[in-house]
There are 2 protein chains.
Amino acid sequence: MAATEAFGRLGFEAASTRAIAEAAGANLAAIPYHFGGKEGLYLAVADAIAAGMLERMGPVLGAIEAGFNAAQDRATTLAMVQTLVEGLAFTMMRPETAAWARFILREQAEPTEAFTRLYEGPMKRMLTALCGLLGRFAGRDPAKSEIKLTAMTLLGQVIAFRAAHAAVLATMGWTEIGPGEMQEVRAVLQANVAAIAQALERKAP
Amino acid sequence: MAATEAFGRLGFEAASTRAIAEAAGANLAAIPYHFGGKEGLYLAVADAIAAGMLERMGPVLGAIEAGFNAAQDRATTLAMVQTLVEGLAFTMMRPETAAWARFILREQAEPTEAFTRLYEGPMKRMLTALCGLLGRFAGRDPAKSEIKLTAMTLLGQVIAFRAAHAAVLATMGWTEIGPGEMQEVRAVLQANVAAIAQALERKAP
DNA sequence: GTCTATAGTCGGATAGAC
DNA sequence: GTCTATCCGACTATAGAC
């Protein structure tokens, strides 16, 4: 956890193993001993984040994947999309996951081996599920660019609240995105998802 | 430019003035001499980015601000929203501004004095213009939370393509977001903006 | 203004005692 | 496994020649 915080806040190079060891109440030499070095610790953080995300999003994703083959009507499909977006929002906006978000955003800008572990784990699964749902909605191949890009924009709306965190706080006059603020965000996200889904549906063959 | 690239890629602490000076073909000692030190150089980068964004977004923002008081119909207002979102997308997705995006995203996650300069300059002006347009669209006070949050999600969709850059490339099978890819992104952004605006309009008093 | 040389600090890794 | 002591490299800033 100390390493997640430090790497997320400062990046790989600027974070110091000395500070991480001290924050964790551990000895500096324990890092090379247990993780094989600073880089090993960094990858261990990526794996821990991937596991944590899968743990939190697992139930929602499992339900979608399980219910997918049973032919669903559009209302049910839309509800699944809403659940997925909302699940991501609630997972990524919790105070405990702020450090995850910083770490992931860094890896997005400058991907390393750690990004592969994050992408091939939780991210790909979420994107695949969302594309499947949107494809059914639009009556089109989920692998089509338009569907995939729409999926990115839906998840992107959520990500933006972390990526543009300081701008959100400044604009809204908030000091944090707590439970109360989260309710307002959720209402707007739901409205947007519904609007975009409806537009997709209108274009369906 | 060398400093923008280095600070954007590595962050303030990890970027070295040695590497920046070498990349710029300048002498190491020139940095303390001309900018007062590493921190002064960092703030100079922030100011340069703010000025560059204002330069690129200025015409679009000026037109919106000038035309705002002349009572506009909804079609014109929607067109202005589309122009603003598209302008931001084209500004922020150009290869030349990739370094800006990395710098800004870092400041969003961990704001310093540099963020204030970015926010009070171009960001606030864009957000104010967009809230004004959306407020008129929805027939509501532009200062209402719902309007401001909707504005954040609209700009957030654009930001997401930079913030989740690696995930976008991996999902789309792209190697970069060039002009061709940009056209596809633009079409989806336009559709989303139209859908969200229409939903706002339906809720208008 | 521009450069070299250097001072002073802090980084990660490791040797070796326990 | 855990700790202290230490090595060696890289960093920013500055003194001082030109």
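In what follows, chains are A, B, ... by sequence order, proteins preceding strands, each numbered from 1.
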Fill in the blank from the handout: Nucleotide by nucleotide, nucleotides 4-11 of chain D touches protein heavy atoms under 4.0 Å in the pattern (B base, S sugar-phosphate only, - none) B-B----B
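Taking 4.0 Å as the cut-off between side-chain N and carboxylate O, R102(A) and E107(A) do not count as a salt-bridged pair. Salt bridge status for E110(A) with R106(A): absent, with no side-chain N to carboxylate O gap under 4.0 Å.
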Practice task
Kindly determine whether Q72(A) and T77(A) satisfy side-chain hydrogen bond (donor to acceptor under 3.5 Å, both in side chains), including the steps that lead there.
Solution key: CA-CA 6 Å; Q72(A) 303 281 359; T77(A) 307; over 6 Å; no
Problem - T171(A) vs Y119(B), side-chain hydrogen bond (donor to acceptor under 3.5 Å, both in side chains): CA-CA, chis, key distance, verdict - result: CA-CA 9 Å; T171(A) 304; Y119(B) 182 75; 3.0 Å; yes
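With sequence neighbours left out, the side chain to side chain contact (heavy atoms under 4.5 Å, CB included) criterion links R186(B) to E86(B), F90(B), Q183(B), Q190(B). For R56(B), the side chain to side chain contact (heavy atoms under 4.5 Å, CB included) partners two or more places apart in sequence, or in a different chain, are T91(B), R94(B), E96(B), T97(B), W100(B). With sequence neighbours left out, D47(B) forms a salt bridge (Lys or Arg N to Asp or Glu O under 4.0 Å) with R117(B).
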Under 3.5 Å donor-acceptor pairs involving side-chain atoms of residues 10-31 of chain A, not counting sequence neighbours:
unit_1	atom_1	unit_2	atom_2	d
S16(A)	OG	A19(A)	N	3.0
N27(A)	OD1	A29(A)	N	2.8

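Here chain A contacts DNA chain C (any atom closer than 4.0 Å to a heavy atom, that is under 4.0 Å), and the contacts span dG11(C) to dT14(C) from 5' to 3'.
In this structure, NE2 of H34(B) is placed 15 Å from C1' of dA13(D), rounded to the nearest angstrom.
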